[in-house]
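As structure tokens, the structure follows; a few thoughts come after it.
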There are 2 protein chains.
Amino acid sequence: MSPRRVTLGDVAQRASVSVATVSRALSGDSQISEATQQRVRQVASDLRYIPNVAARSLVLQSSATFGLMTPDVTDPIHGQVVTGFQQRAAERGYSVILANGFRDAETERRSLREFAAHRVAGVAVMGSVLRQTEVKRLLSPSPTLFIGSDHLPAVGTDLDLPRGCVRPDDRDGMDQVVAHLIERGYRTVAYVSGSSGANQIVRRDALIAALAARGAPQPVVFQADDVDDAGLQAVTAQILRRRPDVVVCYDDKTALSLMDELRTAGVNLPDEVGVVGFDDIPFARISNPRLTTVSQRSDELGRISAEFLLATLDGKRLPLSQLMPVTLVVRETTPGPRRRAGTKAKKSTVPVAIR
Amino acid sequence: MSPRRVTLGDVAQRASVSVATVSRALSGDSQISEATQQRVRQVASDLRYIPNVAARSLVLQSSATFGLMTPDVTDPIHGQVVTGFQQRAAERGYSVILANGFRDAETERRSLREFAAHRVAGVAVMGSVLRQTEVKRLLSPSPTLFIGSDHLPAVGTDLDLPRGCVRPDDRDGMDQVVAHLIERGYRTVAYVSGSSGANQIVRRDALIAALAARGAPQPVVFQADDVDDAGLQAVTAQILRRRPDVVVCYDDKTALSLMDELRTAGVNLPDEVGVVGFDDIPFARISNPRLTTVSQRSDELGRISAEFLLATLDGKRLPLSQLMPVTLVVRETTPGPRRRAGTKAKKSTVPVAIR
DNA sequence: TTGTATGCGTTATCAC
DNA sequence: GTGATAACGCATACAA
């Protein structure tokens with residue numbers, strides 16, 4: 001049926017040389033005369049020769065391929081990381097096999113085994129629910145890189161592993177957030193966790209620490225385990241009751257969804273309550289009101305990750321773990337607290353002129 | 001350095017059988033006695049044996065791998081398609097190599113050659129700038145599938161190829177949009193194209209056709225070649241001048257961005273102008289105001305695509321091309337036209353009682 | 001029921 | 001400079 005694909009042998013025959021010569025010529029071996037190089041290349045091109053990477057990686061004992069596992073590319077942040085990673089890998093001639101783990105342990109294990117079966121040159125893992133030791137064991141001896149803060153086994157450590165971790169500097173991000181909130185005059189702050197996962201704990205603790213460092217009151221923490229539906233509505237109800245000045249959310253997606261719920265509940269944003277996100281996804285810039293958030297260059301995160309893996313190719317160890325810088329982007333959701341009519345605090349603290 | 005990986009031979013030796021027996025036992029060959037099957041599996045597991053897919057695909061002349069090319073996974077729609085595709089492929093034991101084409105011809109060619117080098121069992125292409133014939137030639141003899149409407153060489157055809165195309169039913173979607181707009185009383189409609197690409201032409205023409213079919217006036221078409229900045233601002237200026245009742249956008253991203261621009265320009269949405277998107281990305285549901293749009297199950301699109309490729313594995317031809325159903329989701333951006341104070345039309349048509 | 005031998009396409013180690 | 005040839009790890013046709 002399908003016409004057998006053209007091999008080195010075909011090219012060799014057509015060019016009247018040996019397969020060895022073709023192999024060398026195509027790889028630009030300087031031992032081959034310029035003349036034959038030209039001729040071989042020409043023939044290869046004429047015949048539409050395309051090397052078989054399976055054969056190559058079989059003899060080379062490694063494939064020019066990386067594995068990349070994410071929870072789910074649907075998330076804008078994951079998408080950006082994947083894009084950056086793939087782009088950088090491609091620039092260096094590497095392919096990337098993508099796997100979605102869906103935060104399911106068995107699915108993740110299958111994916112990692114698949115990577116191992118492909119004898120990938122390296123693997124980057126984002127937001128796995130597996131323990132890092134297990135991930136490394138499954139993939140060994142391929143170098144394994146962890147992207148983002150969603151792996152920390154012990155919260156409170158800044159970096160879990162001394163090498164092979166790349167993630168945004170959540171601590172610093174939250175610090176910038178807190179500085180901004182205080183400067184704008186916000187007093188009571190709440191934290192809303194989004195999805196489950198270690199990352200949101202890292203950010204929560206970072207917020208708590210940042211608040212404490214500046215002598216500000218501790219935040220009220222709302223857990224919204226189920227982001228999509230009931231969870232956020234429950235949180236909204238809580239917010240309506242507790243009336244914090246500002247709500248810091250685990251990420252932009254949570255923040256934007258929460259804003260929608262609050263709007264549904266008739267809350268006037270950002271006057272009645274401020275909102276802060278995290279990640280600076282594209283839609284944070286054009287939401288209404290526009291979301292104040294912590295910006296991270298996720299595509300850079302992806303590119304750096306690929307770079308890390310690339311750096312291990314010549315037998316070197318993984319580069320030291322690294323925190324990526326983040327910057328607060330102040331937009332419209334944190335204008336500062338407004339006096340609310342009928343608020344007790346106002347009545348009791350603001351002197352009223354009697355006449 | 002790295003401890004040589006365990007092979008079939010290692011398992012064979014440890015289990016005191018031949019490699020052939022191990023190979024057969026592991027693939028569940030019924031010719032092997034139950035006893036040895038058990039033992040071999042046990043040993044393989046103990047030794048942490050992981051098959052080498054390179055060797056396997058070399059002898060099998062095909063790899064359990066699909067190639068998937070998208071313009072850029074950052075786009076929510078692409079992300080969903082990729083997720084669905086990868087998920088379905090994984091369910092059947094297939095890996096997927098992801099490549100971003102970035103709408104650059106050379107980058108795309110490199111990616112496709114990479115797929116060919118991997119001897120992938122099939123390729124799905126989304127939004128390529130290459131001609132379909134070239135894509136097929138580059139990939140031949142691997143079956144090639146086209147996802148979405150971004151390939152049509154000739155606009156006006158519903159489906160370019162009789163086989164191997166899967167895309168949402170843009171025609172029907174625009175028809176539903178027009179029906180809705182007319183029912184709500186909108187008269188003048190404008191169309192805003194987003195990114196370049198064939199897809200937006202398809203949708204534009206679908207809108208034109210739908211309008212014509214119902215005897216409604218033709219739309220004004222605004223071209224926003226550069227979605228991000230200047231393009232949309234120019235379009236906004238145009239809209240301010242022409243004042244259409246409603247603006248139908250190429251996709252949600254364009255619609256949401258436009259809404260942001262309009263808001264910046266002080267336009268009161270949706271009262272002064274209605275907005276319609278296309279795709280129903282997650283943020284369309286929580287925008288303010290919430291976006292009326294055409295919903296397509298993009299994850300399903302991805303899954304179906306993988307299914308199509310899977311269906312060709314036993315030597316069959318690609319399934320017939322298919323249009324995926326879409327449904328209009330009416331939300332808040334199309335409440336119907338409001339009377340605008342100071343509008344000439346109003347003054348001249350509405351009789352005013354003299355007193 | 002199991003073992004032996006061959007070949008898949010490539011790179012690399014030798015010869016020449 | 002170039003040509004044989006031996007791996008690489010696996011699946012299978014053919015023997016036993």
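Worth knowing before you read on, the calculation uses all heavy atoms, side chains too, and leaves out hydrogens, waters and symmetry mates. Below, read A as the first sequence line, B as the second, and so on, with proteins coming before strands; counting in each chain starts at 1.
With axes fitted over five pairs at each extremity, the angle between the ends of the helix from C/dT1-D/dA16 to C/dC16-D/dG1 is 40° (10° resolution).
Both A/Ala20 and B/Leu58 lie close to DNA chain C; mapped to their nearest nucleotides by heavy-atom distance, the more 5′-ward contact belongs to B/Leu58. The residue among A/Ile32 and B/Gly9 whose nearest nucleotide of DNA chain D lies closer to the 5′ end is A/Ile32.
Atom CZ in A/Arg24 sits roughly 8 Å away from atom C1' in C/dA12 (whole-Å rounding).
To the nearest 0.5 Å, the span separating CG on A/Asn100 from CZ on B/Phe85 amounts to 12.0 Å.
Other residues, nucleotides and ligands place no more than 12 heavy atoms under 6.0 Å from the CD atom of B/Gln13. Heavy atoms from other residues, nucleotides or ligands lying under 6.0 Å from CZ of A/Arg137 number more than 12.
Among the atoms of the strands shown, none is found under 4.0 Å from any heavy atom of A/Val53. The residue B/Ser27 sits apart from the nucleic acid: no heavy atom pair falls under 4.0 Å. If you check every strand for non-hydrogen atoms under 4.0 Å, B/Val19 touches nothing. No engagement by A/Ser57 is indicated, since no non-hydrogen atom pair under 4.0 Å with the nucleic acid exists.
For the pair B/Gln61 and C/dG7, the criterion of a side-chain N or O lying under 4.0 Å from OP1 or OP2 is not met.
Not counting sequence neighbours, B/Ser62 has no partner by the side chain to side chain contact (heavy atoms under 4.5 Å, CB included) test.
The pair A/Arg14-A/Asp46 does not count as a salt bridge, with every side-chain nitrogen at least 4.0 angstrom from each carboxylate oxygen. No salt bridge links B/Glu34 with B/Arg39; every basic N to acidic carboxylate O contact stays at or beyond 4.0 Å.
For residues 105-127 of chain A, the pairs satisfying salt bridge (Lys or Arg N to Asp or Glu O under 4.0 Å) are A/Glu106-A/Arg109, A/Glu106-A/Arg113, A/Arg109-A/Glu134, with sequence neighbours left out.
Side-chain proximity of B/Ser18 to the nucleotides C/dT11, C/dG3, C/dG9 is greatest for C/dG3. For A/Leu8, the side-chain atoms get nearest to C/dT11 when compared with the rest of C/dT2, C/dT11, C/dG9.
The base of C/dG9 is not paired with the side chain of A/Arg4 by any donor and acceptor separated by under 3.5 Å.
The stretch residues 37-52 of chain B does not touch DNA chain C, since none of its heavy atoms comes less than 4.0 Å from the strand. Shown for residues 113-123 of chain A: no residue has heavy atoms falling under 4.0 angstrom of DNA chain C.
Taking every nucleotide of DNA chain D with any atom under 4.0 Å from a non-hydrogen atom of chain A, the first and last of them, 5' to 3', are D/dG1 to D/dG9.
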